[in-house]
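One structure is given below, encoded as structure tokens.
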Amino acid sequence: MLAIDAAAYRSPWRRHHPAAKALLAGGLLGCALVLPPWPGAPVTAAITLAVALGWARVPPRTLLRAARTPLGFALTGSLTFLVTVGPDGLGWADGGVRRAADVVARCTAALLCQLLFAGTTPLADTLPRLTRLGLPVTLVEVAALIYRMLFVVLDTTRRIRDAQAGRLGTRSLRAAWRSLGGLGSAVFIRSFDRARRLEAGLAGRGYTGSLSVAVAEIPLKTRFLATAPLPAALAILTTLTLQSLP
Amino acid sequence: MTTVHEVLERSGVTPVHIAEGYLPVTHAVAWSAAAAPFIVHGVIRLNRQIQAAPEDKLLLGASGAFCFVLSALKIPSVTGSCSHPTGTGLGAILFRPPIMTVLGTITLLFQALLLAHGGLTTLGANAFSMAVAGPWAGYAAYLLTRRLGLLPAVFAGAFVADLTTYCVTSVQLALAFPDAESGFTGALAKFGGIFAVTQIPLAVSEGLLTVLVVRLLRTSAAADLIRLGVLRKREEVPA
């Protein structure tokens with residue numbers, strides 16, 4: 001299982017309705033994007049981090065590991081703001097550091113909001129409820145199928161990789177390329193084979209095209225729903241207060 | 001024992017999915033609006049396909065999972081570094097661009113929520129570059145070069161799809177963050193320059209990997225390739 005999804009399944013917020021968690025994380029995400037980056041982004045990031053670690057108890061290690069790669073993108077992309085391209089070639093950009101800091105701060109705050117939702121809500125809880133937002137049933141069913149098959153395919157990939165490594169399949173660049181080609185084709189063949197066997201099994205049970213899956217009922221708790229907008233409200237209030245300071 | 005996710009994390013390479021919060025709100029909304037018609041078109045095609053053959057739903061599920069895993073594979077780049085293929089070229093060749101647009105968008109949503117690669121507000125921008133522009137450009141290149149043979153056409157399709165994805169991402173970033181002095185053109189040169197160093201070799205690598213995969217599939221899964229319309233009966237290679 002993938003680390004973020006595993007954390008979501010273990011989360012104490014697992015039994016809260018995805019809509020309430022979306023309201024909480026979405027409100028904070030809105031703050032991260034709309035409030036002025038200074039002090040809005042650090043304030044939103046601090047509140048989100050406090051909610052994630054203190055209230056939702058998302059494992060800090062999971063949060064850190066998940067944030068590394070997208071923050072790498074933000075930092076690399078922001079390096080371009082430090083230079084400017086003029087008629088004389090490259091030069092240092094005036095206000096480039098400030099612009100880069102704005103984007104990295106906004107990106108960090110928004111990323112934490114995304115991780116707060118992802119780290120507390122398993123996709124299996126969210127997907128079946130997407131039809132209520134007006135998304136076509138076929139699309140949601142295909143997405144749910146992809147999600148279910150994903151872990152089997154990932155496991156198959158891991159097993160093939162380990163088998164290739166055990167046979168010195170990554171010893172040289174040439175061998176690594178050959179192994180990678182074999183891995184890609186083997187995963188394709190096994191995925192299709194598994195889908196066909198699943199189809200045969202379903203056909204034997206009278207499959208007509210509809211994949212009805214029992215969705216666990218999660219009650220929408222009034223108290224949690226009422227407190228969900230509070231972190232965002234706190235972020236707005238703190239930002240406005242800090243801005244009004246001389 | 002390693003997991004694909006661990007391999008992905010250890011590669012130390014930043015993906016080109018635009019991270020959550022990186023784009024200003026107006027740009028995020030505009031790119032979502034730009035991608036929406038293609039996604040709707042893809043969903044209509046998907047609906048029609050499933051209505052005609054309900055059993056295809058399971059194959060599409062398998063295809064989506066395959067696309068996700070393909071984009072998580074670590075490939076050695078020509079420059080010696082490592083990165084991940086987009087997988088959009090192979091997906092477009094196997095399943096056609098409209099279906100790939102839907103599968104690609106679902107893959108991007110899953111990458112955002114399961115791996116934190118890309119974001120929810122930047123889903124539209126990422127979908128436009130990786131699930132719309134990449135597959136359509138790659139498929140066009142594949143069709144244009146198909147008369148040269150299956151493998152050269154597959155290379156062209158994967159190479160063009162990969163490169164187009166990164167070019168469109170550069171355009172998206174340049175539009176969002178124009179250079180202080182030279183505006184959009186200067187910003188495009190900066191973002192394009194950064195991506196070109198890694199992405200041109202990576203596009204070559206993805207093209208080569210896709211050729212290797214299809215070459216093996218031609219011998220071991222010819223029936224599937226014929227069914228998908230990728231392989232002609234006379235091109236079948238005995239196993």
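Letters go in sequence order (proteins before strands), and every chain restarts at 1. All values below come from the heavy atoms of this structure, side chains included, with hydrogens, waters and symmetry mates left out.
Ranked by non-hydrogen atom pairs under 4.5 Å with chain B, the options A:Val153, A:Leu145, A:Thr80 are led by A:Thr80. Among the candidates A:Ser185, A:Gly95, A:Gly119, the residue making the largest number of heavy-atom pairs closer than 4.5 Å to chain B is A:Ser185. Contact tally against chain B (heavy-atom pairs below 4.5 Å) for A:Leu29, A:Thr126, A:Asp5: the top residue is A:Leu29. Listed options A:Leu111, A:Asp94, A:Val103, A:Thr84 were ranked by heavy-atom pairs under 4.5 angstrom with chain B; first place goes to A:Thr84.
For A:Leu79, no part lies near chain B; criterion is any non-hydrogen pair under 4.5 Å. Looking at A:Leu33, both its backbone and its side chain come within 4.5 Å of chain B, counting heavy atoms on both sides. Looking at A:Ala93, neither its backbone nor its side chain comes within 4.5 Å of chain B, counting heavy atoms on both sides. Proximity to chain A involves both the backbone and the side chain of B:Ala112, based on heavy atoms less than 4.5 angstrom apart. Proximity to chain B (any heavy atom under 4.5 Å) is shown, for A:Ile160, by neither the backbone nor the side chain. Contacts between A:Gln114 and chain B at a heavy-atom distance below 4.5 Å involve the side chain alone, from C-beta outward. Using a 4.5 Å cut-off between heavy atoms, A:Val104 does not touch chain B at all. Proximity to chain B (any heavy atom under 4.5 Å) is restricted, for A:Leu183, to the side chain, taken from C-beta onward. Residue contact with chain B, scored on non-hydrogen atoms closer than 4.5 Å, involves the side chain of A:Phe117 exclusively.
Proximity to chain B among residues 187-196 of chain A is limited to A:Val187, A:Phe188, A:Ile189, A:Ser191, A:Phe192, A:Ala195, A:Arg196, judged by heavy-atom separations below 4.5 angstrom.
Between A:Arg159 and A:Asp155 there is a salt bridge, since a side-chain N of the basic residue sits under 4.0 Å from a carboxylate O of the acidic one.
In this structure, the salt bridge (Lys or Arg N to Asp or Glu O under 4.0 Å) partners of B:Lys190, at least two apart in sequence or on a different chain, are B:Asp179. A:Tyr9 meets the ring pair (Phe, Tyr, Trp, His ring centres under 6.0 Å) test with no other residue; sequence neighbours excluded.
A:Thr170 and A:Gln164 share no donor-acceptor pair across their side chains, judged by distance under 3.5 Å alone. One side chain, B:Glu206 or B:Thr86, offers a donor N or O that lies under 3.5 Å from an acceptor on the other.
Residues A:Trp177 and B:Leu209 meet the side-chain proximity criterion, which asks for heavy atoms closer than 4.5 Å. Using a 4.5 Å heavy-atom threshold, the side chains of B:Ile50 and A:Val142 count as touching.
In terms of modelled atom types and a separation under 3.5 Å, the side chain of A:Thr62 and the main chain of A:Ala3 share no donor-acceptor contact.
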Under 3.5 Å donor-acceptor pairs involving side-chain atoms of residues 21-32 of chain B, not counting sequence neighbours:
unit_1	atom_1	unit_2	atom_2	d
B:Tyr22	OH	A:Gly77	O	3.4
B:Tyr22	OH	A:Ser78	N	3.3
B:Ser32	OG	B:Ala28	O	2.8

